[in-house]
Amino acid sequence: MSAATTQLRIDRLSVSLAGRAIIEDVSVSLDGGQFVAVIGPNGSGKTTFLRALAGQMTITGTIAINGTTIERLSLPQKAKALSYLPQDMRQPIWPVPVRDIVALGLMPFDAQAAGDDPAVERQLQDFDLVALAERGVDRISGGERMRALLARAMVGPQPIVLLDEPLNSLDPAHQLRVMALFRQRAESGALVIAVIHDIDFAVRYATRLLAFKDGRLVADGPPQDLLKTDQLSDIFGVAVAQVQTLDGPILAMRPHRDLDRG
Amino acid sequence: MVGSTNVTSAERPRLRSAAAASGAFLLLLTIALVVVAVLSLMLGPAHLSLSELFLGLTGQSETAAIILREIRLPRLILSLSIGGMLGLAGAAVQGLSRNPLAEPAVLGTPQAAALGAVLMIYSGLADAFSLALPLAAIVGALLAMLATLLVVRRVGGVISLLLIGLMIGSLAAAAISLILSLSSNPYAVTEIVFWLMGSFTDRSMWHVVLSLPFIIVGAAALFWCGPAYKALTLGEETATSLGFDIWRVSLITSAGIALGVGAGTAVSGAIGFVGLLAPHMVRPFVRSDAQAVLLPSALAGAILTTAADVLVKLIPATSEIRVGALMAVIGAPCFLYLVIARPYRLDDRA
């Protein structure tokens with residue numbers, strides 16, 4: 001599983017739902033080692049893009065992992081190649097302990113994987129869940145549940161990790177912590193692709209930004225390159241200002257008209 | 001974070017004790033199963049003592065052997081296998097639909113099986129040919145499954161599957177009411193009503209031969225789907241991303257239930273509540289993912305049904321009380337208690 005050589009090629013990808021085009025003609029090539037933040041306004045097609053990559057949509061065009069189109073991969077093969085945290089995470093109904101929820105992520109590799117697997121133990125520590133490990137997921141807070149679901153998505157050795165809005169309901173300390181973990185995963189050779197709403201977090205942690213607007217890929221590149229232009233302001237319709245701090249620049253958003261310098 | 005390693009070492013014994021607890025629970029269920037099974041063999045119009053039971057089983061007492069072979073054993077095998085199938089099917093449907101209120105009847109199977117049987121009683125064919133009734137019931141269950149699948153193929157999705165199953169079940173139930181109201185023969189009406197209440201009385205090894213193979217195949221199909229029910233804990237998208245074809249799992253589940261529950265209903269009549277009650281009874285005692293619940297639910301279903309059948313034999317009445325009716329009388333208050341008490345506290349006993 002040479003994650004460093006993982007290549008994800010997306011060629012002329014389009015997705016339609018009920019006759020309406022959600023994603024139009026997206027071509028992009030992504031590689032292992034990158035932490036890609038997918039950004040864009042609401043309804044710009046970010047989630048559909050991720051679902052398409054996860055192989056859960058009917059698409060036109062091609063998505064290929066290391067040269068094999070995902071249509072040719074069986075579901076178990078896909079599960080071994082891609083880990084996916086969907087946005088639709090209805091509250092679990094069964095009072096399953098957090099530890100066992102995390103272990104679900106190992107099922108593609110070992111159907112009998114249990115909560116005492118060493119890989120689970122590591123994720124519990126990484127995601128600050130050790131004290132909650134035996135608690136039922138029906139009895140923890142929304143942010144804690146999000147961490148459990150993230151640990152579930154990160155526990156397997158898949159070379160590609162897809163995360164849809166992984167920062168939802170997390171407090172600032174845990175947002176910082178999990179972004180660092182995603183970055184680490186990418187640095188170890190995996191391709192991490194995350195839909196992120198907080199542009200500041202995206203710019204600070206991701207190695208590459210993909211910006212969507214109205215179903216089209218409108219910007220692609222390293223965060224610093226995108227900041228040099230007014231692209232982010234145009235995409236989101238807000239003014240983006242950089243504030244210099246001792247730890248580097250921080251992005252701040254303001255309503256667009258403040259930007260009118262006349 | 002801080003002190004996490006310490007907490008981990010403290011948590012480990014708890015994990016092990018949880019595993020040991022569910023092992024002990026399975027053992028407890030097995031013991032209970034043996035106890036009710038022995039009681040079921042001993043009790044009846046002619047009570048057998050433990051020693052007579054032993055002599056009968058080993059063939060040393062001819063009378064006891066005949067009672068056991070012809071009456072008690074078929075009845076026990078049926079109550080164990082049908083009750084077990086109902087409990088297992090309940091746990092499977094709940095796991096598939098991620099809905100704690102689901103039970104085998106939401107797939108329409110028992111109602112359709114009952115319709116097939118009722119048609120045979122109504123037409124008089126059941127009296128002419130003793131296997132007509134169970135065979136028609138099995139055919140009814142399979143037809144309902146086929147109809148459900150044909151419709152669902154056009155729409156897809158687990159929820160659609162359950163809604164369509166529910167509608168087919170309602171349709172079958174309505175047809176039964178229609179037959180009852182159209183029937184000019186009061187004896188047939190009485191027979192139908194009694195049959196619908198469910199019973200294990202006067203069943204022979206023929207009934208076992210007829211239903212058990214279907215039940216075994218059906219149960220095997222549901223156990224095979226176990227890992228998928230577990231993966232479904234976090235919803236269909238996550239389960240799909242974990243490598244499970246949820247559409248195929250839905251089909252196998254409904255086929256397994258049509259075979260197993262259909263064949264069970266065919267020989268015993270309609271027995272409600274077991275499918276709903278059994279999974280809820282065991283859930284507080286096992287690590288409660290949807291796969292881990294399957295085997296204990298099957299055991300609990302077998303115990304519940306056999307215990308109800310033992311009770312039927314014990315309650316003095318002019319004619320034997322129907323086990324399906326008794327099950328509902330006991331089941332409804334039990335389920336109410338479970339809903340109010342919600343004893344899902346396995347995780348935080350401290």
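- Residue-environment remark: CZ (B:Phe214) stays at or below the threshold of 12 foreign heavy atoms within 6.0 Å.
- Here the shortest heavy-atom pairing between B:Ala231 and A:Met107 reads CB-SD, 4.1 Å.
- Within the model, atoms CZ of A:Arg51 and CD of B:Glu237 stand 4.0 Å from one another, a figure rounded to the nearest 0.5 Å.
- The shortest distance between side-chain heavy atoms of B:Lys230 and A:Asp100 does not fall below 4.5 Å.
- Atom CD1 of A:Ile101 and atom CG of B:Leu234 lie 4.5 Å apart (nearest 0.5 Å).
- The CG atom of B:Asp245 sits 10.5 Å away from the OG atom of A:Ser74 when rounded to the nearest 0.5 Å.
- Of all heavy-atom pairs spanning A:Ala79 and B:Ser241, the tightest one is CB-O, 3.3 Å.
- Looking at A:Gln56, its side chain never comes within 3.5 Å of a backbone N or O of B:Thr240 through a donor-acceptor pair.
- Looking at heavy atoms from C-beta onward, B:Pro100 lies in side-chain contact with A:Trp94 at the 4.5 angstrom threshold.
- Across every non-hydrogen atom of A:Leu104 and B:Thr233, the tightest pair is CD1-CB, 4.2 Å.
- Considering CG of A:Leu75 and CG of B:Leu242, their distance stands at 10.5 Å, rounded to 0.5 Å.
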